[in-house]
Amino acid sequence: MPDYDLSQEHELVRRTVREFAEAKIAPVAEELDREHRFPYELVAELAELGLMGMPIPEEYGGAGTDTLSYAIAVEELTRIDSSVAITVAAHTSLGTMPIYLFGSEEQKRKWLPDLASGRKLAAFGLTEPGAGSDAGATRTRAELRDGGWVIDGAKIFITNAGTDISACVTITALTGDDEISNLVVPNGTAGYVISEPMRKLGWRASDTRELSFQGCRVPEENLLGPRGQGFRQFLEILDGGRISVAAMGLGLAQGAYDLAYAYAHEREQFGRKIREFQAIQFRLADMATEIDAARSMVYRAAWLKDEGRPFAKEAAMAKLYTGELSHRVANWSLQIHGGYGFMDEYAISRLYRDQKILEIGEGTNEVQRMVIARHLGL
Ligand SMILES: Cc1cc2nc3c(=O)[nH]c(=O)nc-3n(C[C@H](O)[C@H](O)[C@H](O)COP(=O)(O)OP(=O)(O)OC[C@H]3O[C@@H](n4cnc5c(N)ncnc54)[C@H](O)[C@@H]3O)c2cc1C
């Protein structure tokens with residue numbers, strides 16, 4: 001029989017992150033969101049707890065945990081606040097992972113200690129104004145000239161690229177006809193221009209930027225892995241990243257459920273608590289049931305990855321399911337809050353806004369269906 005109990009180590013991760021999120025993030029989440037303010041202090045505290053480089057081995061400054069621990073941590077952060085959670089998840093899965101997976105030993109020694117310890121942040125620049133779901137349609141070019149890559153092009157919606165502690169962005173670029181490669185561009189490089197923070201519906205305390213490269217020159221050795229492997233590399237990065245976005249969908253759904261459950265115990269109408277109405281009970285029952293199913297999917301995808309087994313289909317399924325589930329649960333939870341849920345003082349209004357991007361980022365719902373269909377041999 002499969003063992004459905006989490007290990008003591010996994011339970012400890014959950015307890016530690018939950019306590020931190022409730023004690024430190026919850027009290028400031030509404031203010032950070034309202035002021036569109038990046039959570040520098042919280043990132044420093046998360047770094048202290050070893051949560052900024054969880055799956056990176058200790059020899060490079062990370063915590064050396066498995067993927068399941070990381071997924072649980074992201075779930076618990078998102079239960080309270082998505083801006084903080086995406087800052088951690090994008091830094092880990094998108095920013096740091098390409099250097100760990102594809103970097104030379106020298107590149108790893110150079111970048112990972114600062115990134116995995118959380119002293120610095122990293123970003124991954126795949127999306128372009130004309131290349132979103134069709135990420136292979138990248139137009140950014142890098143030409144090898146006199147021992148350096150000269151980069152021209154633009155990226156959009158890039159998380160963690162422009163904070164005061166951002167160290168670098170790994171970008172995909174055309175290094176030849178039909179040849180995509182990944183290059184590391186350090187912040188502060190001449191010709192690498194970062195926009196003001198983009199204004200958005202949700203994730204308002206997270207950092208999202210447009211990047212432009214205008215004759216931006218980086219050393220030849222900033223190429224990540226073999227030339228021409230960029231397409232394969234970013235697909236691998238997205239497969240792993242989907243587990244963390246799925247964990248965000250799960251965490252957001254759990255957070256929305258918890259808020260609805262608590263509110264249903266406080267609010268009285270028609271002379272009784274609204275939790276006594278069967279319509280509310282059935283909603284909560286549906287939410288709890290679907291969240292339970294989602295948790296199994298997310299943890300299984302993480303477990304498969306940890307076992308070294310194929311996980312891409314399961315990660316896409318978990319991401320698709322939790323994206324749509326979190327949509328339903330955030331909506332039902334706000335409904336249970338009535339008009340109060342529409343007010344900024346109530347956390348559910350922030351969770352409702354933060355939810356939508358979970359059906360778009362790291363592959364839209366449609367793209368997940370395309371990935372799943374491909375795995376089904378269609
Ligand atoms: C807040 C935020 C943070 C982000 N962070 C990052 C980041 O750190 N790094 C990064 O590289 N990117 C990042 N992104 C970009 C994100 O991954 C893209 O927005 C996403 O992949 C979709 O691309 P697009 O927005 O261009 O939409 P499009 O690809 O233009 O899609 C528009 C619509 O068409 C649909 N569609 C497209 N192709 C098909 C098809 N073949 N079949 C059916 N339907 C289709 C889509 O599903 C969607 O509904 C971020 C985005 C946001 C909003």
Side-chain angles (χ1 to χ4, degrees), residues 33 36 38 74 78 81-99 115 121-140 153-163 166-173 180 182-185 187 194-213 224 230-231 233-242 244-246 248-249 252 316 319-320 323-324 326-327 350 353-374 378:
D33 176 78
H36 298 226
F38 187 78
V74 172
T78 320
D81 183 58
S82 292
S83 288
V84 173
I86 188 57
T87 300
V88 174
H91 165 69
T92 308
S93 296
L94 300 182
T96 309
M97 225 18 129
I99 298 175
L115 299 179
L121 293 178
F124 186 57
L126 175 66
T127 307
E128 298 188 2
S133 300
D134 186 10
T138 183
R139 288 237 206 98
T140 297
K155 299 286 174 182
I156 196 165
F157 307 141
I158 308 305
T159 306
N160 285 339
T163 73
S166 297
C168 60
V169 59
T170 296
I171 58 160
T172 48
I180 297 178
N182 275 311
L183 292 163
V184 181
V185 183
N187 281 50
I194 302 171
S195 76
E196 288 297 303
M198 300 182 83
R199 297 178 64 80
K200 5 186 232 297
L201 173 71
W203 287 7
R204 287 185 167 169
S206 77
D207 183 77
T208 312
R209 309 275 181 152
E210 290 183 68
L211 316 179
S212 84
F213 304 90
L224 214 50
F231 191 79
Q233 289 174 346
F234 83 65
L235 289 182
E236 191 177 332
I237 290 300
L238 293 181
D239 281 343
R242 278 178 193 135
S244 57
V245 182
M248 288 189 71
L252 191 135
K319 202 272 185 187
L320 172 63
E324 295 190 344
S326 56
H327 186 116
R350 177 169 41 85
R353 284 187 289 103
D354 284 340
Q355 184 282 323
K356 186 59 209 172
I357 185 61
L358 298 176
E359 299 181 82
I360 295 169
E362 285 192 52
T364 61
N365 289 349
E366 293 72 30
V367 166
Q368 303 312 316
R369 288 188 165 91
M370 282 158 61
V371 171
I372 295 162
R374 209 165 41 236
L378 296 166

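Heads up: numbering here begins at 1 and tracks the sequence. When a ligand or atom number is given, it counts from 1 through the structure's own listing order.
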Check your understanding: Which pair of non-hydrogen atoms, one from I237 and one from S93, has the smallest distance, and what is that distance?
Key ->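 Shortest heavy-atom separation between I237 and S93 comes out as CG2-O, 3.7 Å.
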Practice item. Identify the two heavy atoms, one from Q355 and one from E359, that lie closest to each other, and give their separation to 0.1 Å. Key: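 Where Q355 meets E359 most closely, the heavy atoms are NE2-OE2, 3.3 Å.
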Exercise for review: Determine, for R204 against D354, whether the closest basic-nitrogen to carboxylate-oxygen distance falls under 4.0 angstrom.
Suggested key: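 Answer for the salt bridge query: no.
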Check your understanding: Any Lys/Arg nitrogen of E324 or R369 sitting under 4.0 Å from an Asp/Glu carboxylate oxygen of the other?
Key ->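 Yes.
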If you have a sec, work out which protein heavy atom is nearest [atom] and how many Å separate them, to one decimal?
atom	answer
atom 10 (C) of ligand 1	T127 OG1, 3.4 Å
atom 20 (C) of ligand 1	I360 O, 3.6 Å
atom 17 (O) of ligand 1	E362 N, 3.4 Å
atom 27 (O) of ligand 1	S133 OG, 4.3 Å
atom 39 (C) of ligand 1	M370 SD, 4.6 Å
atom 26 (O) of ligand 1	G132 CA, 3.2 Å

Nearest option to [atom], as decided by whichever heavy atom of [options] sits closest:
atom	options	result
atom 46 (C) of ligand 1	I156, T364, N365	T364
atom 1 (C) of ligand 1	W203, F124, F157	W203
atom 3 (C) of ligand 1	D207, L126, L211, T159	T159

Exercise for review: Could you verify whether a donor N or O on one side chain and an acceptor N or O on the other, from T140 and E128, lie under 3.5 Å apart?
Suggested key: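 Side chains of T140 and E128: pair found under 3.5 Å.
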Point to revise | Distance-only donor-acceptor check, side chains T208 and T159, under 3.5 Å | key: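 There is no such pair (donor and acceptor under 3.5 Å, judged by atom type) between the side chains of T208 and T159.
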Check your understanding: Does I357 have a non-hydrogen atom less than 4.0 Å from ligand 1?
Key ->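 Judged by the 4.0 Å heavy-atom criterion, I357 does count as contacting ligand 1.
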Point to revise | Sub-4.0 Å heavy-atom contact, K155 with ligand 1 | key: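 Under 4.0 Å: no for K155.
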Exercise for review: Could you point out which residue of T172, T170, N182 forms a side-chain hydrogen bond (donor to acceptor under 3.5 Å, both in side chains) with Q233?
Suggested key: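 When side-chain hydrogen bond (donor to acceptor under 3.5 Å, both in side chains) is applied between Q233 and each of T172, T170, N182, only N182 qualifies.
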Can you find a heavy atom in the side chain of [X] that is under 4.5 Å from one in the side chain of [Y]?
X	Y	value
V84	W203	no
T138	F234	no
P98	F124	yes

Protein non-hydrogen atom found under 4.0 Å from [atom]:
atom	value
atom 33 (C) of ligand 1	no
atom 7 (C) of ligand 1	yes
atom 41 (N) of ligand 1	yes

Practice item. Please test V169 against K155 for side chain to side chain contact (heavy atoms under 4.5 Å, CB included), starting from the C-alpha separation and ending with a verdict. Key: CA-CA 11 Å; V169 59; K155 299 286 174 182; over 6 Å; no
Practice item. Would you check the N or O atoms of E366, main chain and side chain alike, for any that come under 3.5 Å of an N or O of ligand 1? Key: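 Yes.
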Check your understanding: What do you reckon, does A131 have a nitrogen or oxygen under 3.5 Å from a nitrogen or oxygen of ligand 1?
Key ->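 Looking only at distances, the answer is no, because the N/O contact criterion of under 3.5 Å is not met.
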Practice item. Using a strict cut-off of 4.0 Å, indicate which atoms of ligand 1 neighbour a heavy atom of I158. Key: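 In order of number, 7 (C), 8 (O), 9 (N), 10 (C), 11 (O).
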